[in-house]
Number of protein chains: 8
Amino acid sequence: MSVDAAVRRIADLPVQQLADFAQLDGERALRQGVPEVIFGERKSADQIGTLVQKLVALGQAVLVTRMDRSAEAAARAAAPQGRYDPVSRTFSAPAEGGSPPREGLVAVVCAGTTDIPVAEEACVTALAVGAEVRRLYDVGVSGLHRLLRQAPALREADAIVVCAGMEGALPSVVGGLVAKPVIAVPTSVGYGASLGGIAALLAMLNSCAANVSVVNIDNGFGAGFQAALIARQTHAGARASK
Amino acid sequence: MSVDAAVRRIADLPVQQLADFAQLDGERALRQGVPEVIFGERKSADQIGTLVQKLVALGQAVLVTRMDRSAEAAARAAAPQGRYDPVSRTFSAPAEGGSPPREGLVAVVCAGTTDIPVAEEACVTALAVGAEVRRLYDVGVSGLHRLLRQAPALREADAIVVCAGMEGALPSVVGGLVAKPVIAVPTSVGYGASLGGIAALLAMLNSCAANVSVVNIDNGFGAGFQAALIARQTHAGARASK
Amino acid sequence: MSVDAAVRRIADLPVQQLADFAQLDGERALRQGVPEVIFGERKSADQIGTLVQKLVALGQAVLVTRMDRSAEAAARAAAPQGRYDPVSRTFSAPAEGGSPPREGLVAVVCAGTTDIPVAEEACVTALAVGAEVRRLYDVGVSGLHRLLRQAPALREADAIVVCAGMEGALPSVVGGLVAKPVIAVPTSVGYGASLGGIAALLAMLNSCAANVSVVNIDNGFGAGFQAALIARQTHAGARASK
Amino acid sequence: MSVDAAVRRIADLPVQQLADFAQLDGERALRQGVPEVIFGERKSADQIGTLVQKLVALGQAVLVTRMDRSAEAAARAAAPQGRYDPVSRTFSAPAEGGSPPREGLVAVVCAGTTDIPVAEEACVTALAVGAEVRRLYDVGVSGLHRLLRQAPALREADAIVVCAGMEGALPSVVGGLVAKPVIAVPTSVGYGASLGGIAALLAMLNSCAANVSVVNIDNGFGAGFQAALIARQTHAGARASK
Amino acid sequence: MSVDAAVRRIADLPVQQLADFAQLDGERALRQGVPEVIFGERKSADQIGTLVQKLVALGQAVLVTRMDRSAEAAARAAAPQGRYDPVSRTFSAPAEGGSPPREGLVAVVCAGTTDIPVAEEACVTALAVGAEVRRLYDVGVSGLHRLLRQAPALREADAIVVCAGMEGALPSVVGGLVAKPVIAVPTSVGYGASLGGIAALLAMLNSCAANVSVVNIDNGFGAGFQAALIARQTHAGARASK
Amino acid sequence: MSVDAAVRRIADLPVQQLADFAQLDGERALRQGVPEVIFGERKSADQIGTLVQKLVALGQAVLVTRMDRSAEAAARAAAPQGRYDPVSRTFSAPAEGGSPPREGLVAVVCAGTTDIPVAEEACVTALAVGAEVRRLYDVGVSGLHRLLRQAPALREADAIVVCAGMEGALPSVVGGLVAKPVIAVPTSVGYGASLGGIAALLAMLNSCAANVSVVNIDNGFGAGFQAALIARQTHAGARASK
Amino acid sequence: MSVDAAVRRIADLPVQQLADFAQLDGERALRQGVPEVIFGERKSADQIGTLVQKLVALGQAVLVTRMDRSAEAAARAAAPQGRYDPVSRTFSAPAEGGSPPREGLVAVVCAGTTDIPVAEEACVTALAVGAEVRRLYDVGVSGLHRLLRQAPALREADAIVVCAGMEGALPSVVGGLVAKPVIAVPTSVGYGASLGGIAALLAMLNSCAANVSVVNIDNGFGAGFQAALIARQTHAGARASK
Amino acid sequence: MSVDAAVRRIADLPVQQLADFAQLDGERALRQGVPEVIFGERKSADQIGTLVQKLVALGQAVLVTRMDRSAEAAARAAAPQGRYDPVSRTFSAPAEGGSPPREGLVAVVCAGTTDIPVAEEACVTALAVGAEVRRLYDVGVSGLHRLLRQAPALREADAIVVCAGMEGALPSVVGGLVAKPVIAVPTSVGYGASLGGIAALLAMLNSCAANVSVVNIDNGFGAGFQAALIARQTHAGARASK
């Protein structure tokens, strides 16, 4: 057995942000059930077009995140049935044979309307990974009744993504209401002492609720991915054991 | 008229943390109604004793903040009827002729039991400045029902002090519940990314509630002073206009 | 009684920056006396137009903060009697039946001419909340006589907003002159080690004057709101008790 | 129905760090299946003793985190069958009728021997929440073969806690090997530019692996809690659906 | 002997970024074997043209780093046989009599495609200093097999440059695989808590591999220079001792 | 002429903090008029004793800064006529033949009593460098009349040292009152957001008064040295030109 | 005597950056010998034009700093004999009756050509304040012989301004060579870990040379002002005592 | 071939700080020529004793860094011929059959006497890795002649370690004098704005000399290791090619 084969056998690699041209096919056999994701930031339209084409050639679903509208034509040329969503700045196309049924439920919560682009990146990612999504927007902590009204809806989710900028207090409040894993996403919404989202990030890391973990500022992708992974394995356990 | 007299006439100085020996008496005539406050940190027992003695000689009430227990004997020697409170680390003694009646109500709220020393410094200060105080402790945001239950009590206050460490979310929630001025005090309770209270401080400065202003980390004194000033002038307006 | 009704009854919510479409009407009954405020940053002209229209339909006064001139047409279409102020970057329109009489006096002080946009945001907000406003501009600490000359004017205010960038020393000096609540606003005026206003923010949080509390960098809105709340309740107490 | 009852009905609160004396019993009915956890830092032996006693009186399991050895006697007096673990600095005692069977598997990975106290806090917490635990220690990234050898063991876990100080690179490597949720815990192990764990924290927040979320520095408790929650719900789904 | 001569005799100055017009010739005799390098940032096309012309007049090789495309014409006018590389943003021209043979091997490794511009600056610089270069791109830590496959290639190098953004974990892993000097270059690739490359910088400074030293963020030039210096002296030792 | 001689001829070195054993005598001829200064921090009593002995053997005046009381005996053994000042934590002894007459006047100003140790370090240093010193203590900005009263005294100085902690506003106010060079010393007096003196440092660097320059936090030595240098050269110019 | 008169009598205000319209004339009598300076940043061409006109009307010299070229026409219209310098971004015009003779010598040193704009702002300011200026450019520390060659020229200055970006080492080296007051100016030249000049600022604040004080990043104005003040008073003392 | 064998074959691991009990022997065959190094910080005397014993049993040389004197007895018991050096806080013992001859020369330079402990850690490490060492201490930049005098000695080294605290300027000056690889070590020597060594670290990362790379604050170990690796391979190349 070659070294390479040995190394590959021990690897059971999750989907990750793909930034790798030449070695793409080599990893195919190791990845199942989740689409490749292309991180679009600082990539040219040409680079994105080439990567999308490769995924299409492999019969894979496509997800490009942080993509400028200017790359839409190149992406569409490679995957004609794909669509660009300007709010979440993502491009998605289904896999050749259609996607497997979605399982598990992710709730995506956000504090204000300006947090919606990040929340939508989480939604699009969670859908691509294969979970159902429920949106609960505009439920910031300075108007608590809006959030409390949604508590029953929150309890039905298998995992919860909470996006908030400014003081970043929402994940603590949500985590205190529902005994489910909460993935907190600080957003860069704010000014001055929000320090581009650092204030919200620090607040979330210091959450007094024990069921909160955190991803990078504006990283809706990571939160949606992690939450969908949790939701799917919760439901898959249930299904598999039937 | 001398320059000095001119300068003094235009000054109408509020109580401030007093760190000044020789010029103490010169300012007496300019200050009324609020006690002098001695900032005890980094001062020796001897220095504190001397300052307390001066205030007593002037017939003034005494408040020493951030005072180590080790200075208690010196303070007591100068003001025998004073008492040291180890929780708030303050020493207080009444003015010669007793204090004027308290007016206005300050609510002092804190998130957890470890925030109590800061909250108590706020209480002791607000009482010294001449307001009534109501304590609402242990009402952190990850157990919202504890806070919601106190909403009626909060609404009766003229000004509210809110102390919280860790993610510092409580002032936003309180500010969203009650249309009164909220003075937020970040505390140094926490570890790691709480950065000694910086996380809570930033969260409070970014509060999405418009009726929140903030003081320094662990500055229960400043919050209690500002809140009592507001509460007293609210009530004094009412009283004076009768 | 429904859960929703119970939750709403306990809530007595202050005005806050409004970022919420669908639930707007539901909260109407809970808010009195102060206008809804729309936080314009990162909102499109369309979004601002829609929100203004809703407030107008409710017969409410309108205040939009941090609004680009480019949204003026949309705002005007929804509230034809409104006006845009390019200095404070606000849009205001009166309530249907006219505003109630203003009560209480807020003094707005600033250090230099480049701080004026922030100071004006404070003025416009304080007026909208229902207080009188007095402007004292260009009284920075390196030319003390300019400020000292204004001490009598400062003493007549019920609450004082002080805006300063660079070293942020002005609130301490003002707080030392007048025994009134001072709301300090650090501004982003400066360069290099001003760190976008952080230097002034830190200075203000460390003020040696006990009657100073602080809001976020460039947050004239929050300071004007808090100061007007204090000024109104001081005067309302007086009025109500007649 | 009273307001209080309404508020409580909508709340389905998870276990959280408990810092609250008087209202302890009121919340009993709302919490099931997970033990109360007492955050021991800055609490006196007396305070810890009293809290432990309350939990014992309720027939609950006990977990105290960040507890100094000096509080052991007080904790033991209240819960004689409990034990103090000096490595993780925790005190645990079983519930009256014994604990329910553990379900779901959490792998706890750490980079070096100095990270073990944090890793052990995660283990003790995950066990208390009701999951099985597998320890994989001393597998830092500068000796990759040690980690690669453990890949099969990692793949069997339902959720993975990864503790690392210094450059904090381990969670990215683990996240790239196994398609399971990874909860990363930066530790304060390091010196100089590790900034007390901030370097590791930032590294983890910027992980290029999409299945990594992060908790506060040295927060083994939070990571163990979140991971056990995920592991249990994955397994419970499986069990419930049988 | 003049003071100036004395000072110059003791100096044996390495190539450094050249920012100095008038004194250029004076230093010629002190520098051998390595080309002058012009730091192009914030320099006008005219300034760059003049500096290139001086080097050409001295018969020297030319390397300009961080040069905008807009200065290409001016550089070309001065050194017609030079070429501009838009990826690394460098301009290079050979010395009059051709370059001496390259000796020593530098491996340049990078984590993702967006790190390539920095890696290419390192390559161009190492070539200019006189070493051979081998590129190993797109071998980030979340797909370890890609890197492991390259271990034999890495072992042949005399010095290794490793460029990585985001969590900056790659140098630790490379340093653990190969007992050669590793020069780590944090890149500004990332967003939010990457803080413009600070997260990667801190991670690299805290590397648990002992054979890693670090240069400034995006400083491919410095890393390529240092690595080529090491590679050349390793090989020159070998050659000289034959 | 040797290289060494050439290098030394061009050097006209000012007094600096001396941390150098073996080469002490070699520099003697190059330094006139100002005493050597020994930086005592992290030096053992033995090391300090040896350095003091060397200076005494050279007939020099002695100044040791940041010296613990525990080194007093060793310093005294080497320089029996020296004295240790516990407030400024300095040890001083006169030169063999007595000191030259002092010339020029340095005013040392401080905001509060807790700033006095830093101010005293400035005074002791300025005296050692050969200037006269005038102390103006306890004149913080929140009680302006105390400072204004001292304006005539300030105007007589040739250079002014201003020490302040917390918000660090005093140098701006002093700089605005007197057209003399002001050397600002931030002190570490404060807590929380004073960040160990960083807040005061930033404020001073952003001073709106143009005649303010700044030294490190708590660096009374550097400020006293720089101010005395200015004061002496101002006076020496006057004297020399008679 | 009025309060205002009293306050003004005690004030002997230095030139400062002028940002104040209405009160300009009131301060005229208090300022002599140095021109008013207008801080141009964030001021419109109109505002600058008006301020220049006021100074011209008063017969004053004019200096505008940090002025965009776009305001040149407005400035020229108000002061036709003035000129704009695009390198230092300043506008200067002589006083009505010509300037008094310059006295005292300021040396302005800079490390690299990209520091020249800041160095030139220092030069223009020092000239305006009334000192002679000597420029010593391009003498960075990595080519020491360039600086050593200039030591004799440095020794003739009364005060030295040293501008450097990147590692900010030059002031320490200059301060070690010449026993004169050194005013260090960190510049924002650099990238990555230079943090916009913070690295150089910190280095300068920690200088091991005792005759170095520091101003804000890129603050050539402040350094030139402080140095010229020192140079003039050194020389004036000499002159006056003749 | 087993997976494990495959992984191990591709690994050619350098010496690294060893923190790993159970797997120690497994790695023996992969490491040659350099001693294992034990990172002593936060390890108990017992843990250190056990690790030393293992190395001795393997016939290896021993190096323990950052070891408290309190662990000396335990280390000595395990390696009786070892010695503890209290300056560098290291414990060393030779390998069973004696060490191989040293080759290559490392110069270790430091700025002041308080930097010596870090410099000595570099020396001890470089000796253990197998290079010769030359010490050049007390040559800080504010007394340049001390350093210039050493230039010939510096030129003979194959690699240079430069340790400096405070402003961290020394590596730039050394790098400008000698065309050899310079490994810079910022030290935590300083106070206030030195930020525990961060100021020196930033300065070194921004060095204008191209032959400087940097390790963590106070990391004499890493610098000595990297420099010795370079020195040895330079010399080994020469030797091998004979």
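Numbered from 1 within each chain, the chains take letters A, B, ... in sequence-line order.
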*Asks:* Hey, what do you get for CG (H:Leu195) to CG (G:Asn206), rounding to the nearest 0.5 Å?
*Replies:*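 That separation rounds to 7.5 Å.
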*Asks:* Could you have a look at H:Gly140, H:Pro171, H:Ala203 and say which one has the most heavy-atom pairs with chain G under 4.5 angstrom?
*Replies:*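 Top count of heavy-atom pairs under 4.5 Å with chain G: H:Ala203.
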*Asks:* Just how far is it from atom CG of G:Leu202 to atom CE of H:Met166, taken to the nearest 0.5 Å?
*Replies:*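 Answer for the CG-CE pair, G:Leu202 versus H:Met166, is 13.0 Å.
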*Asks:* Specify which of G:Gly168, G:Ala193, G:Ala199 makes the most heavy-atom pairs with chain H at under 4.5 Å.
*Replies:*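 Answer, by heavy-atom pair count under 4.5 Å with chain H: G:Ala193.
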*Asks:* Identify which part of G:Leu170 has an atom lying under 4.5 Å from any heavy atom of chain H, answering side chain, backbone, both or neither.
*Replies:*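 Neither part.
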*Asks:* Specify which of G:Ala200, G:Ala169, G:Ser172, G:Gly190 makes the most heavy-atom pairs with chain H at under 4.5 Å.
*Replies:*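 Going by pairs under 4.5 Å, I would pick G:Ser172.
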